[in-house]
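Structure first, commentary second.
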Amino acid sequence: MENIKSIEQFQETIKSGITVAVFSADWCPDCVVIKPILPEIEEEYPQYNFVYADRDELIELCQELDIFGIPSFVAFKDGQEIGRYVNKERKTKEQITSFLEELNN
């Protein structure tokens, strides 16, 4: 999973194809819980480019995208947002994969 370090890099990354941005932070207990399952999810959904965005490093981007709870997932296709799973709750693998399945429809 590519680690996004700047808003410019983020904008370049989401320009083409389908990108799922995972907004997270090291101090977030709910983020730590899902971290071990993210590689499995990436493997199950090779059609998506997954990227990691640290909320603290990219606070302006989070504000711009209205990301107030983490972990959160926002999907883009060719630069346009096509779906989001954004809230403050702990997420299960089933909930995350359900969100990804909805993107296919």
Side-chain angles (χ1 to χ4, degrees):
M1 185 178 303
E2 181 182 4
N3 198 351
I4 300 296
K5 293 291 184 188
S6 69
I7 292 175
E8 295 77 21
Q9 180 189 7
F10 178 79
Q11 290 168 339
E12 188 63 33
T13 302
I14 67 167
K15 252 201 264 189
S16 62
I18 300 177
T19 302
V20 177
V22 180
F23 291 88
S24 187
D26 291 340
W27 53 262
C28 162
D30 293 338
C31 302
V32 172
V33 167
I34 67 162
K35 197 171 189 169
I37 62 169
L38 291 176
E40 294 171 30
I41 292 171
E42 270 189 279
E43 210 171 278
E44 290 171 28
Y45 293 88
Q47 68 270 40
Y48 301 132
N49 175 35
F50 288 87
V51 298
Y52 176 85
D54 185 292
R55 189 202 76 100
D56 295 338
E57 290 177 18
L58 297 167
I59 194 74
E60 295 86 9
L61 177 63
C62 290
Q63 290 169 340
E64 191 179 304
L65 295 173
D66 292 327
I67 310 244
F68 297 110
I70 53 174
S72 288
F73 298 80
V74 182
F76 299 87
K77 183 175 183 179
D78 301 332
Q80 299 298 311
E81 184 177 319
I82 58 168
R84 60 174 40 221
Y85 186 23
V86 176
N87 61 39
K88 295 179 195 149
E89 297 166 10
R90 178 171 285 181
K91 293 155 183 73
T92 65
K93 181 179 181 184
E94 291 72 27
Q95 290 169 319
I96 297 165
T97 56
S98 176
F99 162 70
L100 295 171
E101 287 297 323
E102 287 173 22
L103 296 176
N104 286 329
N105 299 331

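Note that the structure is predicted; figures quoted are calculated from it, not measured. Position 1 is the first residue of the sequence; numbering continues from there.
Asp30 meets the side-chain hydrogen bond (donor to acceptor under 3.5 Å, both in side chains) test with Arg90; sequence neighbours excluded. Listed by chain and residue number, Glu102 satisfy the side-chain contact (heavy atoms from CB on, under 4.5 Å) test with Ser98 (two or more places apart in sequence, or in another chain). For Gln9, the side-chain hydrogen bond (donor to acceptor under 3.5 Å, both in side chains) criterion is met by Glu2, not counting sequence neighbours.
Among residue pairs with one or both ends in residues 47-72, those qualifying as salt bridge (charged side-chain N to carboxylate O under 4.0 Å, His left out) are Lys5-Glu57; sequence neighbours excluded. Within the structure, every pair that satisfies the side-chain hydrogen bond (donor to acceptor under 3.5 Å, both in side chains) test and touches residues 31-48, not counting sequence neighbours, is listed here: Glu40-Lys93, Glu44-Lys93, Tyr45-Glu101, Tyr48-Asn104.
Ile41 has its side chain within reach of Thr97: a pair of non-hydrogen atoms, C-beta onward, lies under 4.5 Å apart. Put simply, the side chain of Leu38 reaches to within 4.5 Å of the side chain of Ile34, judged on heavy atoms.
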Test log, rule side-chain contact (heavy atoms from CB on, under 4.5 Å), inputs Ile96 and Thr92: CA-CA 6 Å; Ile96 297 165; Thr92 65; over 6 Å; no

Stepwise side-chain contact (heavy atoms from CB on, under 4.5 Å) test for Tyr85 and Gln95: CA-CA 9 Å; Tyr85 186 23; Gln95 290 169 319; 3.3 Å; yes

Between Asn49 and Ile18, is the side-chain contact (heavy atoms from CB on, under 4.5 Å) condition met? List the steps. CA-CA 6 Å; Asn49 175 35; Ile18 300 177; over 6 Å; no

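Val20 is connected to Ile82 through a chain of hydrophobic side-chain contacts under 4.5 Å among Ile, Leu, Val, Met, Phe, Trp and Tyr, so both are in one cluster. Connection of Ile37 to Val22 is established within a shared hydrophobic cluster, with ILVMFWY side chains joined at heavy-atom distances below 4.5 Å, either directly or through further cluster members.
Other residues sharing a hydrophobic cluster with Phe76 under the 4.5 Å side-chain heavy-atom criterion for ILVMFWY residues are Ile4, Ile7, Phe10, Ile14, Phe23, Trp27, Val51, Leu58, Leu61, Leu65, Ile67, Ile70, Val74, Val86.
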